[in-house]
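Convention: sequence-line order gives letters A, B, ...; per-chain numbering from 1.
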Number of protein chains: 2
Amino acid sequence: MNIKIKWLRDQLKTQNLQGMIVSNPVNVRYLIGVEAEGILLITLKENLFITDSRYTEAVNTVLTIEDEILVVDKKTLSKEEYAAFFMYCENVGFEENFVTYADYKEYLQTFRVNLMETEDIIEKQRSIKDEKEIQYIEKACEITDKCFEHLKKFIRIGMTEKEIAFEIEKFYKTNGADDVSFAPIVASGHNSSMPHAVPGTRKIKDGDIVLIDMGCKYNGYCSDMTRVLFINYMEDEFKEAYDICLRNNEMAERDIREGRNMKSIAQNSNNHLKEYGFIPLHSLGHGVGLDIHEEPFFGIVYDQMLKENMVITVEPGAYKAGQFGIRIEDTVLVTKMGINRLTKTSKDPTIVICD
Amino acid sequence: MNIKIKWLRDQLKTQNLQGMIVSNPVNVRYLIGVEAEGILLITLKENLFITDSRYTEAVNTVLTIEDEILVVDKKTLSKEEYAAFFMYCENVGFEENFVTYADYKEYLQTFRVNLMETEDIIEKQRSIKDEKEIQYIEKACEITDKCFEHLKKFIRIGMTEKEIAFEIEKFYKTNGADDVSFAPIVASGHNSSMPHAVPGTRKIKDGDIVLIDMGCKYNGYCSDMTRVLFINYMEDEFKEAYDICLRNNEMAERDIREGRNMKSIAQNSNNHLKEYGFIPLHSLGHGVGLDIHEEPFFGIVYDQMLKENMVITVEPGAYKAGQFGIRIEDTVLVTKMGINRLTKTSKDPTIVICD
């Protein structure tokens, strides 16, 4: 049987659960490598993936006998068969942070068991990456570094944010990535003050800040990076903010290692920003994996320890509302001694000369 | 106050609800035109959008005083303030098909009211489009028609499915669409037998079927269309299946008009496919709007009447597992007398001559 299912079964035993319903498709992919609509039922005796006829053919090409997972078309199942799946189970886990209230009620009726909250058990396990997962994220970061090098030569005065965002998507799709890991943010001039700006028709001008937040997926695993470019020259006010943001980023990265408390690192980062009059508008970072935002969440409200082989972002931002914003973001691997920076792009302030 | 909020308030009154929590961001966008993380609280007296600091600046540029919606940063709210929002409300609606079980429990604690299921009240209203919404979908369909014309000239033997899928994305982004409405399906040869095939590295060959299912968004509103192309010639078996699928599509479209039962149209379509030995693998169609799949769902399990100004797809498919598949899909507007076909691309079998 696959090693991740084995791990999950062991976990269930320690929590007095005799089974689990896995509904989140990202968790299903993590556990059995399958991308399809459906639910995975784990018991201590057998594993079933209930899907529909649109997917059965594709799913059967991915799973092997060694996976020990039975694929079933939901249309072929009777009410009695559904109720029989957890026949010898008293308590069955479900994903309370994914399953809707309506689905919860339906599961109760269908499976006739006690449904127990599982507190993101799979998501928490996903935060610790294995060797292969790290390789995939490394590769996604490498493609992102190359994309940024390309953009430095690509950007011209008069281009719109949208055009640059599209070039990012094109680069990823023609340079070995599966896809973008999220819609790229290209925010120029005063738009850079909005952390979640949507690329629009504003044209790049002389002296602009161009904030670029982008990432791609490689074998399903994400990268995430933010850099800002300065067009032809750098105003003093921007330079000051850049230096503060860069020092903040470096300070945080120096503090990261196994066993350190994330809340206190994030608190230090926020305090440092506030000292210079910047109001922190978002968390310091987040885990990266099959999801672009996943456990661990790295901010002042999450009182958690860093663990070896977590992959997280470090992305402090210095924003002046309505005026400008600077954000510097790396994807890093947490080690026993510190970090392994998976984002290799330089963090020196970058002025691009263009006409 | 905006007309959609007024409508919702009237609905709440008829259901003995004194307020509603709108959590689904697509419903929030439908009601107040805002794209941001947050929840919209409607009471009979006031409307609040609770968001966070990443979005407040952007949201305030969209909303006007006439909207009568107060924008609040969630970090500034105390427990008491949360509990006070629905102070004079006994029953408050929530979206049981969107809200997770965990959020449901949190809403109960935070708002201290009776939470009542609302049975997709907003989604149902979204299924009936107003003039502006129809214009947007029409425009999205028009761009999709143009994209297909472009593809007929673009495709060459030896190209991969992925390359064609990327060209679709590029065309949309450079021809006035916001974005794709879903990841395009380009399935060639035997891959076409899987309704949800993911474009891969298979190369287009002489005599291939190339099934293309694609759509874009215009001002947030989606289009959806499927056509198949035949490369240089058309095998007899494919021609037969194509004719059956086309007759099926035309038969269904002829039956569509206000007041007709969707289940019986879908049943007729399925029976016709089965008569010729094809097993129906998916529903006949679905509503299209801000979501690519939305109400009404158009299949044999949905016993509902068609209404004027619904926009739906009609997409029967004839599949031979592991061998090939044909699907022909239009986006159509339901009228009192029949349909207005928003997809204008011809449904004649199309052979492209290429080398």
Side-chain angles (χ1 to χ4, degrees), chain A residues 23-24 35-37 52-61 73 75 94-108 115 117 119-120 162-163 165-167 169-170 172-174 178-180 183 190-191 193-199 279-283 301 317 319 321-322 325, chain B residues 23-24 35-37 52-61 73 75 94-108 115 117 119-120 162-163 165-167 169-170 172-174 178-180 183 190-191 193-199 279-283 301 317 319 321-322 325:
Chain A
S23 320
N24 181 341
E35 278 186 277
E37 280 177 34
D52 66 60
S53 49
R54 292 174 302 169
Y55 299 102
T56 40
E57 192 182 337
V59 168
N60 277 318
T61 64
D73 179 348
K75 270 189 200 146
F94 79 109
E95 296 160 299
E96 73 277 12
N97 285 311
F98 180 83
V99 170
T100 64
Y101 178 76
D103 282 340
Y104 167 80
K105 279 179 51 181
E106 203 190 312
Y107 288 174
L108 272 185
L115 289 176
E117 299 183 21
E119 296 178 354
D120 298 331
K162 266 193 175 181
E163 282 175 86
F166 180 66
E167 184 67 15
E169 300 208 19
K170 183 177 161 189
Y172 280 140
K173 284 176 188 164
T174 50
D178 315 337
D179 204 347
V180 295
H190 61 88
N191 290 340
S193 74
M194 292 181 283
H196 284 245
V198 174
I279 300 160
L281 293 186
H282 52 75
S283 300
V301 293
Y319 306 99
Chain B
S23 320
N24 181 341
E35 278 186 278
E37 280 177 34
D52 66 61
S53 49
R54 292 175 301 169
Y55 299 102
T56 40
E57 192 182 337
V59 168
N60 277 318
T61 63
D73 180 347
K75 271 190 201 145
F94 79 109
E95 296 160 300
E96 73 278 10
N97 286 311
F98 181 82
V99 170
T100 64
Y101 179 76
D103 282 341
Y104 167 79
K105 278 179 52 181
E106 204 191 311
Y107 288 174
L108 272 185
L115 289 176
E117 299 183 22
E119 296 177 354
D120 298 330
K162 266 193 175 181
E163 283 175 84
F166 180 67
E167 184 68 14
E169 299 208 21
K170 185 178 161 189
Y172 280 140
K173 283 173 188 166
T174 51
D178 314 338
D179 203 346
V180 294
H190 61 88
N191 289 340
S193 74
M194 293 180 286
H196 283 245
V198 174
I279 300 161
L281 293 185
H282 52 74
S283 300
V301 293
Y319 306 99

**Q** How many angstroms lie between atom CG of B:D179 and atom CZ of A:F166, to the nearest 0.5 angstrom?
**A**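 Between atom CG of B:D179 and atom CZ of A:F166 there are 10.0 Å.
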**Q** If you count heavy-atom pairs within less than 4.5 Å of chain B, which of A:K162, A:H282, A:E169, A:E37 leads?
**A**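 So the answer, after comparing A:K162, A:H282, A:E169, A:E37, is A:E169.
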**Q** What are the two closest non-hydrogen atoms of B:N97 and A:T100, and how far apart are they?
**A**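 The answer is O-CG2, 3.3 Å.
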**Q** Only counting residues at least two apart or in another chain, list the ones meeting salt bridge (Lys or Arg N to Asp or Glu O under 4.0 Å) with A:E106.
**A**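 Testing A:E106 for salt bridge (Lys or Arg N to Asp or Glu O under 4.0 Å), a comparison that skips the adjacent residues, returns none.
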**Q** In terms of heavy-atom contacts, does CG of A:L108 have more than 12 from other residues, nucleotides or ligands at under 6.0 Å?
**A**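 More than 12 heavy atoms, drawn from other residues, nucleotides or ligands, come within 6.0 Å of this atom.
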**Q** Listed by chain and number, what are the ring-ring contact (aromatic ring centres under 6.0 Å, His included) partners of A:H190, not counting sequence neighbours?
**A**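 With neighbours one apart ignored, the set is empty.
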**Q** Tell me, side chain or backbone of B:E117 under 4.5 Å from chain A's heavy atoms, or both, or neither?
**A**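 Contact with chain A is through the side chain of B:E117 alone.
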**Q** So A:K173 and B:K170, side chain to side chain contact (heavy atoms under 4.5 Å, CB included) or not? Walk me through it.
**A** CA-CA 11 Å; A:K173 284 176 188 164; B:K170 185 178 161 189; over 6 Å; no
**Q** Heavy-atom distance under 4.5 Å to chain A: side chain of B:Y319, backbone, both or neither?
**A**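 No part of it gets close to chain A.
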**Q** Using non-hydrogen atoms and a 4.5 Å limit, figure out which bit of A:T56 sits close to chain B: side chain, backbone, both or neither.
**A**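 Contact with chain B: none, neither part.
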**Q** Given a strict heavy-atom distance threshold of 4.5 Å, which part of B:T174 is in contact with chain A: side chain, backbone, both, or neither?
**A**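 When you check distances to chain A, only side chain atoms of B:T174 fall under 4.5 Å.
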**Q** May I ask you to check whether B:Y104 and A:Y104 place their ring centres under 6.0 Å from each other?
**A**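 A:Y104 vs B:Y104: aromatic centres not under 6.0 Å.
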**Q** When the ring planes of A:F94 and B:Y101 are compared, do they come out parallel, tilted or perpendicular, using 30° and 60° as the limits?
**A**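 Plane angle over 60°, so perpendicular.
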